Amino acid sequence: MTSPGVAGEAAIAVTRERGLPATRRFGADQAFALGLRLASLFVLGAVVLLILETWSGARPALHAYGLPFLGGTAWDPVAEKFGALPYIVGTLVTSAIALLLAVPFGVGAAVFLAEIAPPRPASVVSFMIELLASIPSIVYGLWGVFVLAPVLRSGLEPWLIHHLGFLPLFQGFPFGLGVLPAGLVHAVMVVPTVTSVSREILLALPDTLRGAALALGATRAEAIGVTLDAARPGILGAVILALGRALGETMAVTMVIGNSNRLSWSLLAPGATMASVIANEFTEAVGKMHLAALFEVALVLFGVTLLVNAVARLIVRAATGGRRDVAGAA
């Protein structure tokens, strides 16, 4: 019979032997965590360097124009008079049009694919939608110029002028190129993002949520409403992700917006965005102040994107109560 002392020593030896792999795993975990921290710091450093470089290029314009640059409407490189208000308004208006059109269609398609459609056809359709998100933006721009613009010029825009021309938003001439076509192209580009992300969020919800709603006597539509309410933070994140792409889109918008620096209330009039004016004039800017003004526009665009992301984080946190176990919560 083994004495208690010998049994205790044997137990300690076994514990030590079992603790060695745990110690090694702990070291691997520490190394993995260190690698993640370094990767995070690398991303943060890249963002800081980007801000510093943009700030350095925009410094002459910041000293020359200051805050009135944001509210100015003149853009004359010869006279060195610059104002970014038309481009800021164009960016916000085209992005708003895109979200107003893309969010209902995108969320509706996601609900159909996740809750109603059979799994196999839904996976095929989802793959095609995700494929749309990978198409280069210049292809969308060509589609907008050669397909969308003629349709708008000969059909939709004359109808809007005839029936809604009493509103300032629909006054002018049917050019086929302007703020409205840019918003429509934006909408087509961001619909795949909203649809694919929202569908994944809905599929990530537990089936017990749907079953509990049906067990309490809810109809199919009411059960879908319950899942939508649970997935609200994630769907909101998909919308913010789509907004981020719409704010920074360049080539497709440059090809269909008309590229005018005039501030107009009409959606049919040509306009410009912050990204489009940079794409159009950066390679042709020869004056120091002209180049600095473009850098300042880029700095403003970066600030708008940063503000949108910060507000989105606050909205998601308010919607989830700070919990991280909610579907799609950041």
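Values reported hereafter were calculated over all heavy atoms of this structure, with side chains retained and with hydrogens, waters and symmetry mates removed. Quick caveat: nothing in here was measured; it's all calculated off a predicted structure.
Counting heavy atoms from C-beta on, the side chains of Trp143 and Val185 come closer than 4.5 Å. No side-chain heavy atom of Thr91 sits under 4.5 Å from any side-chain heavy atom of Val304. Taking the side chain as every heavy atom from C-beta outward, Phe302 and Leu50 approach each other to under 4.5 Å. In this structure, the side chains of Leu268 and Phe175 stay at 4.5 Å or more apart for every pair of heavy atoms. At least one side-chain heavy atom of Tyr65 sits less than 4.5 Å from a side-chain heavy atom of Glu80. Looking only at side-chain heavy atoms (C-beta outward), Val179 and Ile97 come within less than 4.5 Å of each other. Here the side chains of Thr195 and Leu132 are not in contact, with every heavy-atom distance at 4.5 Å or above.
Other residues, nucleotides and ligands place more than 12 heavy atoms under 6.0 Å from the CZ atom of Phe166. Counting heavy atoms of neighbouring residues, nucleotides and ligands inside a 6.0 Å radius, atom CG of Leu67 does not exceed 12 of them. Counted within 6.0 Å of NE2 on His163, heavy atoms from surrounding residues, nucleotides or ligands total more than 12; the atom is thus considered enclosed.
Nearest heavy atoms, Thr94 versus Gly90: OG1-O, 2.8 Å. Taking all atoms of both residues into account, the shortest heavy-atom contact from Ser198 to Val107 is OG-CG2, 4.4 Å. Minimum heavy-atom separation, Ala293 to Trp75: CB-CH2, 3.9 Å. Of all heavy-atom pairs between Pro174 and Glu157, the closest is CA-OE1, 3.1 Å. When all heavy atoms of Leu205 and Arg210 are compared, the closest pair comes out as O-NH1, 3.4 Å. Gln171 and Gly165 get closest at one heavy-atom pair: CG-O, 3.0 Å.
Hydrophobic clustering (side-chain heavy atoms under 4.5 Å, transitive across Ile, Leu, Val, Met, Phe, Trp, Tyr) keeps Val253 apart from Leu177. In this structure, Val147 is a member of the same hydrophobic cluster as Leu152, with clusters built from ILVMFWY side-chain heavy atoms closer than 4.5 Å. No continuous path of ILVMFWY side-chain contacts below 4.5 Å connects Val190 to Val103, so the two sit in separate hydrophobic clusters. In the hydrophobic clustering of ILVMFWY residues, with side-chain heavy atoms under 4.5 Å counting as a link, Leu301 and Leu263 come out apart. Under a hydrophobic clustering in which Ile, Leu, Val, Met, Phe, Trp and Tyr are joined whenever their side-chain heavy atoms come within less than 4.5 Å, directly or via other members, Phe69 and Val89 fall into different clusters.
When atom types are taken as modelled, the side chain of Ser40 and the backbone of Leu36 share a donor-acceptor pair closer than 3.5 angstrom. The main-chain N or O of Leu131 is found under 3.5 Å from a side-chain atom of Ser134 such that the two form a donor-acceptor pair. With hydrogens and angles ignored, the 3.5 Å screen pairs no side-chain donor or acceptor of Ser276 with any backbone N or O of Ala272.
For the atom pair CG (Asn280) and CG (Asn261), the distance works out to 11.0 Å, reported to the nearest 0.5 Å. We find the CD1-OH distance between Ile138 and Tyr140 to be 13.5 Å, quoted to the nearest 0.5 Å.
Ring planes of His290 and Phe82: parallel class, angle under 30° (limits at 30 and 60°).
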